[in-house]
Peer 1: 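Below you'll find the structure I mean.
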Amino acid sequence: MLLINPVIFEIGSLSIRWYGVILALGAVAGLLLAIQEGKRFGIKSDFFMDLLLIGAPTAIIFARIYYVAFQWDYYKDNLGDIIKIWNGGIAIYGAIIGALVCGYFFSRAKGYRFWRIADICAPSLLIGQMIGRWGNFVNQEAYGGPVEESFLRETLHIPSFIVDHMFINGTYVHPTFLYESIWSLVGLIILFIIRRQRFLREGELLAAYIGWYSIGRFYIEALRTDSLAFSGPQWLVDLVNGLWSPMTAVFELGYLDPAYGNVRSSQLLALLLVIAVIVFIIVRRTAGFAKARYVDPMVNTKQQAEAENATEKNAMNHKIANNKKNNKDQSGAVVGDSSHASANQSKEKTNSNTETTDDQQSSADSSSGHSSGGDSGGSDGGGGGD
């Protein structure tokens, strides 16, 4: 029976459910973590708020698509139930895929490297999952197989309000939501510690988050009785069961309906992701791709390009202004030289005219002197003849 009403209150036909409120709280907690860490790298809070507004719906849609895809035999005959997400039925791996896809395009559009933003947001994703799992608790879903009450109360010392709510269909069941929530909390602490270490390269905090969560999910998933599954080869079944076998010392494998399949899809995906994380880190380091460290300053390529363009524009404007000034100075010098030349030419012309006038005056005086001398000579000659 339900000890906690999944509906908080109703407004007309609108029901406000604990499930939605808890998911919202997880999203807000993740946002606050990202904003706080983003300040260390000079990223404004608006960036993460916008990312949440786009990323949260995207993650939920992908999570629902992932779940519906593995339950298509039911939903193909009940298409109207696909949108009834308030009744539960979302897959966390689908949500992670949706969040990463959205984060990739959004960070690139804003001028940031995807790996740097993904690293900052990795703890946010984990705290969102840690809190969000309590929505499964309220809805009494995603639980494990039958278990003795004494195991929960006396062996694991789980609080009574949780144990009481895990009494479902006449039997006590494993609170797998709690196991995963605690696993996420431990992982969150680990991420907080290693992100301050200089050995951590870009992209590796995200890889650590995926690897840590996948390890926990691999072992916890096998306790559940509602796993999404498919029919796989026997060697794969033996491999998965063999890797999980150490858990049999404490837990029993949860029942998996053969009608769904013999391999839990989340277990296989978790195993593949752990392998992918190891390969990712080794290849990037050996190939020299992981040069930037997590603690290195953040570079916004978009702002950098805008700053470079502004610098080039200012330099060009300065050059144009200098050219105009030089042209103006040269024009002034030409005008000054022309005026000076004209003045010299005028002066030379004046001097030439003056000299011409003087020459003419001298010629006139000379002619006048010769004439006077001729008259005097004639007079003297005449007197000597008498």
Peer 1: About how many Å separate CG of Leu32 and CD of Glu37, when rounded to the nearest 0.5 Å?
Peer 2: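 Between Glu37 CD and Leu32 CG, I get 13.5 Å after rounding to 0.5 Å.
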
Peer 1: Taking atom types as modelled and ignoring hydrogens, do the side chains of Gln129 and Tyr209 form a donor-acceptor contact shorter than 3.5 angstrom?
Peer 2: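 A pair is found: one side chain offers a donor N or O, the other an acceptor, under 3.5 Å apart.
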
Peer 1: First locate atom CG of Asp73, then atom CG of Asn78, and finally report the distance between them rounded to the nearest 0.5 Å.
Peer 2: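 Rounded to the nearest 0.5 Å, the CG-CG separation comes to 11.5 Å.
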
Peer 1: Look up atom CG in Leu52 and atom SG in Cys121, then write down how far apart they are to the nearest 0.5 Å.
Peer 2: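 It comes to 9.5 Å.
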
Peer 1: Look only at the side chain of Asn300 and the backbone of Lys110, and say whether a donor-acceptor pair between them is shorter than 3.5 Å.
Peer 2: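 Between the backbone of Lys110 and the side chain of Asn300 there is a qualifying donor-acceptor contact (under 3.5 Å).
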
Peer 1: In Å, rounded to the nearest 0.5 Å, how long is the span from CD1 of Ile43 to CZ of Phe48?
Peer 2: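 Interatomic distance, Ile43 CD1 to Phe48 CZ, rounded to 0.5 Å: 4.0 Å.
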
Peer 1: Can you find a side-chain donor-acceptor pair between Arg153 and Ser160 that sits under 3.5 Å?
Peer 2: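 Per modelled atom types, Arg153 and Ser160 side chains form a pair under 3.5 Å.
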
Peer 1: Test salt bridge (charged side-chain N to carboxylate O under 4.0 Å, His left out) on Glu202 and Arg113 and set out the steps.
Peer 2: CA-CA 9 Å; Glu202 67 169 2; Arg113 286 179 59 83; 2.6 Å; yes

Peer 1: State whether the number of non-hydrogen atoms from other residues, nucleotides or ligands found under 6.0 Å of Trp72 atom CH2 is greater than 12.
Peer 2: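 Yes - once you tally the heavy atoms of other residues, nucleotides and ligands closer than 6.0 Å, there are more than 12.
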
Peer 1: Can you tell me how far CD of Gln267 sits from CZ of Phe218, rounded to the nearest 0.5 angstrom?
Peer 2: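 One finds 5.0 Å between CZ of Phe218 and CD of Gln267.
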
Peer 1: Please identify which of these residues, Arg285, Arg195, Arg116, Arg284, meets the salt bridge (Lys or Arg N to Asp or Glu O under 4.0 Å) condition with Glu204.
Peer 2: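 Among Arg285, Arg195, Arg116, Arg284, the one meeting salt bridge (Lys or Arg N to Asp or Glu O under 4.0 Å) with Glu204 is Arg285.
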
Peer 1: Could you check whether atom CH2 of Trp18 has more than 12 heavy atoms from other residues, nucleotides or ligands sitting under 6.0 Å from it?
Peer 2: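 No - once you tally the heavy atoms of other residues, nucleotides and ligands closer than 6.0 Å, there are 12 at most.
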
Peer 1: If you take all heavy atoms of Val173 and Gly144, which pair is closest and at what distance?
Peer 2: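 Reported closest heavy-atom pair: CB-O, 3.4 Å.
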
Peer 1: Would you say the rings of Phe70 and Tyr66 are close, in the sense that their centroids are separated by under 6.0 Å?
Peer 2: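 They qualify: ring centres under 6.0 Å apart.
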
Peer 1: Less than 6.0 Å separating the ring centroids of Trp115 and Phe280?
Peer 2: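 Yes: the rings meet the under 6.0 Å criterion.
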
Peer 1: Under 6.0 Å between ring centres, would you say that holds for Tyr112 and Phe106?
Peer 2: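 Centroid separation for Tyr112 and Phe106: 6.0 Å or greater.
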
Peer 1: Just to verify, which of Ile215, Leu243, Leu236 counts as forming a side-chain contact (heavy atoms from CB on, under 4.5 Å) with Leu271?
Peer 2: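 It is Leu243, the one option of Ile215, Leu243, Leu236 that forms the side-chain contact (heavy atoms from CB on, under 4.5 Å) with Leu271.
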
Peer 1: Would the distance check show the side chain of Glu141 and the main-chain N or O of Phe137 forming a donor-acceptor pair, the cut-off being under 3.5 Å?
Peer 2: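 No, because the side chain of Glu141 does not come within donor-acceptor range (under 3.5 Å) of the backbone of Phe137.
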
Peer 1: Taking the six-membered ring where the residue is Trp, are the ring centres of Tyr143 and His174 under 6.0 Å apart?
Peer 2: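 No: the rings miss the under 6.0 Å criterion.
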
Peer 1: Quick one: CZ on Arg217 to CZ on Arg224, what's the gap to the nearest 0.5 Å?
Peer 2: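 One gets 5.0 Å once the value is rounded to the nearest 0.5 Å.
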
Peer 1: If you count every heavy atom of other residues, nucleotides or ligands that lies below 6.0 Å from Phe192 atom CZ, does the total exceed 12?
Peer 2: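 Enclosed.
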
Peer 1: Could you check whether Arg264 and Ser227, counting side-chain N and O atoms only, form a donor-acceptor pair closer than 3.5 Å?
Peer 2: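 Side-chain D/A pair, Ser227 to Arg264: present.
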
Peer 1: Do other residues, nucleotides or ligands put more than 12 heavy atoms under 6.0 Å from the CD atom of Glu149?
Peer 2: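 Buried by this count: over 12 neighbours within 6.0 Å.
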
Peer 1: Please determine if Lys84 and Asp81 form a salt bridge, counting it only when a charged side-chain N lies under 4.0 Å from a carboxylate O.
Peer 2: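 Yes.
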
